[in-house]
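In what follows, every chain begins at residue 1, and chains take the letters A, B, ... in the order their sequences are listed. Worth knowing before you read on, the calculation uses all heavy atoms, side chains too, and leaves out hydrogens, waters and symmetry mates.
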2 protein chains.
Amino acid sequence: MPDPSVARAGFPVSRQVLADHVYEALLEWLMDGRLEPGAAVSIDGMARELDVSPTPVREALARLEHTGMVRRVALKGYRVAPVFTREDFAELMEARLSIEPVNARLACSRMTPDGLEALKKAVEDLKTAPRGGTFAEYRSYLEADERFHQLIAAQANNQFLLAAYNTLGGQIQRFRLFGGVGITDAEQAIAEHQAVLEAMLSGDPERAAEMMVDHVEKVRGRAMADAPED
Amino acid sequence: MPDPSVARAGFPVSRQVLADHVYEALLEWLMDGRLEPGAAVSIDGMARELDVSPTPVREALARLEHTGMVRRVALKGYRVAPVFTREDFAELMEARLSIEPVNARLACSRMTPDGLEALKKAVEDLKTAPRGGTFAEYRSYLEADERFHQLIAAQANNQFLLAAYNTLGGQIQRFRLFGGVGITDAEQAIAEHQAVLEAMLSGDPERAAEMMVDHVEKVRGRAMADAPED
DNA sequence: ACGCCCGCGTTCCTATAGGATTTGTGGCAT
DNA sequence: ATGCCACAAATCCTATAGGAACGCGGGCGT
């Protein structure tokens with residue numbers, strides 16, 4: 001997290017306002033589990049917590065609403081979105097299967113050298129990331145996972161598909177955290193990511209799409225098997 | 001200082017807050033063309049215009065940002081998103097081709113009787129809508145067009161795909177208004193919509209998807225031919 | 001004339017105040 | 001004990017004030 005107050009050599013990097021910081025903080029807390037699903041997110045309370053006035057908090061929450069991670073009820077306030085049900089998860093995977101293979105196909109055709117390097121690094125990070133039992137230990141693993149998919153969406157070079165993926169991406173990441181399952185499938189998941197990457201490297205868009213379908217379907221299969229709860 | 005409880009006497013329980021009304025008003029203005037692409041949207045100015053304080057306006061704009069219809073630059077304010085370039089349009093159509101056929105396929109499988117009736121009515125409204133030269137005259141046509149696609153997305157019965165479509169839908173509607181082309185293709189477009197509807201009626205998901213692909217591709221083709229500007 | 005500087009208005013941004021609404025609690029009647 | 005109402009605290013929501021930055025136009029020096 002770069003500190004915006006420290007500008008580089010006279011270059012005032014795109015200055016951020018307080019609401020942006022609040023947005024980032026809330027997003028991080030949501031992803032960290034510090035804000036549990038279903039919990040109320042009081043505007044005044046958050047303002048006290050972050051030592052700012054309620055105004056920027058209100059703006060940040062308004063922006064967060066569209067991510068689906070918080071829900072608003074008029075005159076009642078915001079709450080963290082409830083835990084995914086089995087149906088929610090099935091819908092999310094269905095949506096991924098509609099969008100991500102397309103992203104993979106396009107990204108394969110339009111991939112830049114830099115993008116390819118970043119993708120390689122993401123897979124490498126997946127392999128080397130610690131995979132302990134606590135959240136802090138596999139946080140970097142989840143981050144690399146999300147980064148891999150995000151990079152492909154970005155390399156598809158379509159602002160609308162990227163926006164569509166990003167709205168899903170937050171939910172996917174949130175599920176990775178709260179879905180109930182830890183990391184029990186790292187080896188297989190890494191192999192699937194590797195397969196997508198190799199298809200990219202060989203410049204075969206159709207195969208890249210197929211490998212992505214395969215990956216998402218297997219993620220769905222594993223999660224559905226691991227978490228039979230409701 | 002208008003008293004809401006008196007002013008809204010006709011609305012028994014207006015469980016909406018001021019920011020919601022501002023949001024609706026701004027959305028309508030954006031869709032009406034009263035706010036032209038590229039124009040600055042001053043928070044204070046809008047507050048004066050709508051006779052409210054800047055606070056609700058700020059919140060409404062924060063929510064509008066994710067629709068892509070307004071863009072924000074920190075410490076500089078909001079501007080109406082610029083006109084679509086040819087490239088933007090191509091990307092939008094590419095995104096539609098990724099999502100809408102999937103929606104059509106799923107909607108065909110999961111369609112409710114009520115949904116089917118609403119879909120029939122949308123096509124009927126398309127046929128009977130006036131198609132004059134001015135905006136007011138073909139507004140209802142565009143509304144029915146958008147409603148048709150929105151209904152299919154809703155009937156797909158997947159909250160994430162619906163959200164993904166909705167972010168596109170606003171842009172699509174905005175392009176219909178500002179794309180530069182009026183309605184020169186109504187007969188063909190209606191026939192294509194009819195074809196999708198008939199596939200739905202016959203309960204053939206694959207054909208519904210194919211017809212949707214066909215429709216979007218032809219929309220793209222006509223628009224690219226009609227608006228060779230840039 | 002041309003460029004520079006400075007004041008002025010506009011706008012964004014945040015904090016604060018106060019009214020309106022909801023929620024939780026305790027007491028009272030049934 | 002249970003249901004209902006009043007009261008209090010917390011919260012949401014809107015308005016307003018003022019600081020900071022940006023844009024602009026006029027005046028001054030070269």
Q: Assign Ser42(A) to base, sugar-phosphate, or nothing according to its heavy-atom contacts below 4.0 angstrom with the strands shown.
A: sugar-phosphate
Q) Among dT21(C), dT16(D), dT14(D), which nucleotide sits nearest the side chain of Pro54(B)? A) dT16(D)
Q | Protein-nucleotide distance (Arg79(B), atom CZ; dT11(C), atom P), rounded to Å | A | 12 Å
Q. dT21(C) C1' sits how many Å from Gln16(B) CD, rounded?
A. 16 Å
Q. Under 4.0 angstrom, heavy atoms only, what part of the nucleic acid is Val57(A) near: base, sugar-phosphate, or nothing?
A. nothing
Q | SB check Glu143(B) Arg139(B) (cutoff 4.0 Å) | A | no
Q) Separation of Ile43(B) atom CD1 from dA15(D) atom C1', in whole Å? A) 15 Å
Q: To the nearest Å, give me how far apart CD (Glu59(B)) and P (dC13(D)) are.
A: 7 Å
Q.
Without decimals, in angstroms, what is the distance between Arg48(B) CZ and dT16(D) P?
A. 13 Å
Q: Kindly say if Arg58(B) contacts the phosphate of dC12(C), meaning a side-chain N or O under 4.0 Å from OP1 or OP2.
A: no
Q: Look at the side-chain N and O atoms of Ser53(B) and state whether any lies under 4.0 Å from the OP1 or OP2 oxygen of dA15(D).
A: yes
Q: Please state how far atom CZ in Arg72(A) lies from atom P in dT22(C), giving the value in whole angstrom units.
A: 14 Å
Q | Separation of atom CG in Asp44(A) from atom C1' in dA10(D), rounded to whole Å | A | 8 Å
Q. Can you list every ring-ring contact (aromatic ring centres under 6.0 Å, His included) pair that touches residues 36-79 of chain A, not counting sequence neighbours?
A. His66(A)-His66(B)
Q) Do Asp145(A) and His193(A) have side-chain atoms, one donor and one acceptor, less than 3.5 Å apart? A) yes
Q) Expressed in angstrom and rounded to an integer, what is the separation of Leu61(A) atom CG from dC12(D) atom P? A) 9 Å
(Q) Need to verify one output field. Residue with the more 5' nearest nucleotide on DNA chain C, Pro56(A) or Lys76(A)? (A) Pro56(A)
Q. Taking atom types as modelled and ignoring hydrogens, do the side chains of Arg176(B) and Gln173(B) form a donor-acceptor contact shorter than 3.5 angstrom?
A. yes
Q | salt bridge (charged side-chain N to carboxylate O under 4.0 Å, His left out) partners for Lys121(B), two or more places apart | A | Asp125(B)
